[in-house]
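Below is one structure, written out as structure tokens; the observations come after it.
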Amino acid sequence: MITYMCKYAPIEILEAFGTPVAIMEPDVANFTQADTLMHPNMCSYVKAVLEDFETNEYEGMIFTTCCDSSRRLFDTLARLHPDKFFFCFDLPRKVGESTVSLYAGQMERLIEKYRAFSGRSFNLGQFIRICEEKSKESPDQQIIQRETDLNVCLAGARPGSAVKQLIEDLGAHIALDLTCTGITRDYKIDCGSGERPEVLRSYAKELLYQIPCMRMAQVDGRAEALLAQSKELDGILYHTVKFCDIYSYEYTRFKETLDLPLVKLETDATNQCAGQVLTRIEAFLESLRARKKHDFCYGCPDYEMGDARLSMSDIEQDRMGAPPGASPDIAPDTTPAAGPAVKIHQQGGTPMYIMGIDSGSTSTNAVIINEKKEILSYAVMRTGAKSAESAGRILTQVLTEAELSREDLSAIISTGYGRVGIPFADKSVTEISCHGKGAHFLDPAVRTILDIGGQDSKAIRLNENGDVTDFVMNDKCAAGTGRFLEMMARTLEVDIQELGPLSLKSRENVEISSMCSVFAESEVISLIAQNKEPADIARGIHRAIAGKAMSLLKKVGLEREFMMTGGVAKNPGMRKVLEEMLDAPLVIYDEPEIVGALGAALFGLEG
């Protein structure tokens with residue numbers, strides 16, 4: 001099998017030799033060989049390709065000069081495997097008549113080189129038939145409508161089939177694919193006299209005149225294609241690969257110029273990619289659905305969405321949907337709860353009890369509310385080694401405190417990293433949406449949320465309805481999280497609960513320059529050796545984390561009022577330095593760790 005990695009690769013030529021061809025989708029867990037043979041900061045996708053090629057039996061690979069990393073990979077593999085077939089096309093930046101002719105000339109060289117390598121012959125008639133068959137099967141590169149509640153555009157660099165499948169599995173339809181591998185391979189070749197040079201030139205023209213990739217000079221064609229279809233789209237998922245700068249520039253441009261919801265997905269091209277972006281995709285789709293609820297009337301028997309029409313039965317399948325006849329907005333209680341409220345049963349009917357459970361990396365939190373949105377009980381406990389066991393224990397605890405049985409609960413809604421592993425949950429909602437829902441309920445004036453948890457940090461922006469309009473996450477490193485604080489507390493030999501109060505006694509500014517947990521620990525050890533006061537070091541640690549948090553908040557916009565959630569919100573030292581940097585007070589609930597679980601329960605109450 002010959003593999004390839006660029007949509008400009010003329011794979012139909014190899015198929016006309018009778019050779020199987022497949023796009024390269026690496027299935028690797030690490031970059032052990034690539035970091036040795038190439039460079040640690042090389043594009044993650046290219047490193048994954050090298051790892052995959054070294055593991056599997058490929059006959060060879062077709063390259064293009066779509067980027068410097070691709071060319072570097074071609075040189076490396078050709079040197080490592082002189083017995084295999086490699087060919088690199090010089091991809092033009094500007095497409096015109098002359099470059100089409102040059103590309104067709106390279107195709108001639110590919111044919112001759114592969115004929116000499118394989119001993120097989122190129123069948124021109126078979127080549128034409130292959131192109132014609134693909135043209136019949138491929139739709140035009142335009143919006144493909146389906147009866148689904150969300151039509152989205154997937155743009156950017158090499159997302160892989162796992163990410164695409166995940167989007168579809170979550171109920172959204174990729175109506176427009178603007179990724180660098182998103183070719184429809186729809187060839188309308190003009191055979192003319194039927195001579196090979198003329199056929200190949202027509203084929204080269206079809207390849208080069210598709211929607212351009214970011215290598216091309218005419219990149220405006222990408223934005224134009226998107227703008228032409230924007231009214232039919234609900235949002236854009238923009239995928240980039242770690243250490244790929246080219247597509248990051250376009251993401252920034254789209255974010256600044258397009259009036260469409262947009263989320264950035266960054267993966268490292270390993271076989272854990274889908275898991276890396278699961279929460280981002282789910283939260284983005286949830287926010288799109290919430291937006292549609294405010295844009296359309298749920299009181300109607302159906303409503304328009306682009307060219308498709310959905311019935312209420314379709315809408316009810318939305319995991320965040322309201323039941324028929326329900327209002328999309330449930331007015332929140334404007335008074336923040338100071339603790340568990342007195343249980344009040346619904347007069348003249350059966351009371352309703354909903355449990356929300358937030359299964360995080362460090363703590364598991366649960367809340368039970370009634371139909372009046374009153375908190376009947378809540379609990380916070382360490383997650384431990386097995387999240388499902390922690391979930392079972394906290395279920396028992398909150399039921400006991402609320403004087404209820406399992407059968408009394410109308411629904412259990414899970415959220416957090418461990419949400420899918422809770423066997424007794426009726427459905428799950430992402431922590432992004434749940435923190436937004438919980439924060440809006442506690443204080444409808446809140447527009448920006450900072451959630452610092454055990455292993456990740458999130459900045460979330462809300463609109464006046466409490467819908468999530470933007471969010472960013474830091475979940476690939478312990479920097480700026482509760483775990484970072486725990487590590488630093490151990491280094492200072494103080495209890496984690498004492499670290500915040502200790503920092504309030506600081507009298508001298510001490511800077512911690514590195515946010516890498518390992519390097520920061522080395523800095524702290526060095527400061528201890530310099531006889532710096534523990535209080536000053538503690539404040540420096542808090543300022544370093546606050547600086548990381550501020551970079552997240554700036555990405556979603558520093559709009560007042562600000563709320564802080566998560567376990568780190570209990571830390572007075574962190575609250576102080578954040579309020580200094582924001583020059584604004586932070587709204588903090590009495591038990592900030594249950595905000596996500598409260599939001600989950602509120603989603604359950606809505607149906």
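We number each residue from 1, following the sequence as shown.
Counting only distance, with no hydrogens or angles, the side chain of Glu371 and the backbone of Tyr353 share no donor-acceptor pair below 3.5 Å. A donor-acceptor pair is defined here as one N or O able to donate and one able to accept, closer than 3.5 Å; no such pair exists between the side chain of Ser433 and the backbone of Thr430. Not a single donor-acceptor pair under 3.5 Å links the side chain of Ser359 to the backbone N or O of Ser387. For the pair Arg280 (side chain) and Val263 (backbone), a donor-acceptor distance under 3.5 Å is absent.
Side-chain contact between Ile541 and Phe484 is present, with at least one heavy-atom pair separated by less than 4.5 Å. Within the 4.5 Å cutoff, the side chain of Ile281 has heavy atoms near those of the Ile167 side chain. Side chains of Ile413 and Lys427 form a contact here, defined as non-hydrogen atoms less than 4.5 Å apart. In this structure, Thr448 and Leu462 have side chains that are not in contact, with every pair of non-hydrogen atoms separated by 4.5 Å or more.
Under the side chain to side chain donor-acceptor pair (under 3.5 Å) criterion, the residue pairs touching residues 558-572 are His435-Thr565, Asp451-Thr565, His542-Asn571, Lys570-Glu591, Lys570-Glu593, with sequence neighbours excluded.
Checked for salt-bridge contact, Lys505 and Asp536 miss the test: no charged N lies under 4.0 Å from a carboxylate O. Salt bridge status for Lys255 with Asp470: present, with a side-chain N to carboxylate O gap under 4.0 Å. No salt bridge links Arg406 with Asp408; every basic N to acidic carboxylate O contact stays at or beyond 4.0 Å. The pair Glu580-Lys576 meets the salt-bridge criterion, since a charged nitrogen lies less than 4.0 angstrom from a carboxylate oxygen. Residues Glu511 and Arg539 are not paired through a salt bridge, judged by the lack of any N-O separation under 4.0 Å between the basic side chain and the carboxylate. With salt bridges taken as basic N to acidic carboxylate O contacts below 4.0 Å, none links Arg289 and Glu286. Salt bridge annotation for Lys292-Asp234: present, with a cationic side-chain nitrogen under 4.0 angstrom from a carboxylate oxygen.
Remark: the Asp456 side chain and the Tyr417 side chain contain an N/O donor-acceptor pair separated by less than 3.5 Å.
Cation-pi check for Lys437 over Phe603 is met; the charged atom lies under 6.0 angstrom from the ring centroid and within 45 degrees of its normal.
Scanning for ring-ring contact (aromatic ring centres under 6.0 Å, His included) contacts around Phe562 gives an empty result, with sequence neighbours left out.
Within a 6.0 Å sphere centred on CD of Glu486, other residues, nucleotides and ligands contribute more than 12 heavy atoms. Enclosure of atom CG in Asp495 by more than 12 non-hydrogen atoms of other residues, nucleotides or ligands within 6.0 angstrom is indicated.
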Begin from the C-alpha positions of His239 and Thr179 and carry the test side chain to side chain donor-acceptor pair (under 3.5 Å) through to its verdict. CA-CA 8 Å; His239 180 266; Thr179 63; over 6 Å; no
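Here the CG atom belonging to Asp467 is positioned 12.0 Å from the CZ atom belonging to Arg461, to the nearest 0.5 angstrom. With rounding to the nearest 0.5 Å, the separation of CG in Leu404 from OG in Ser377 is 7.0 Å.
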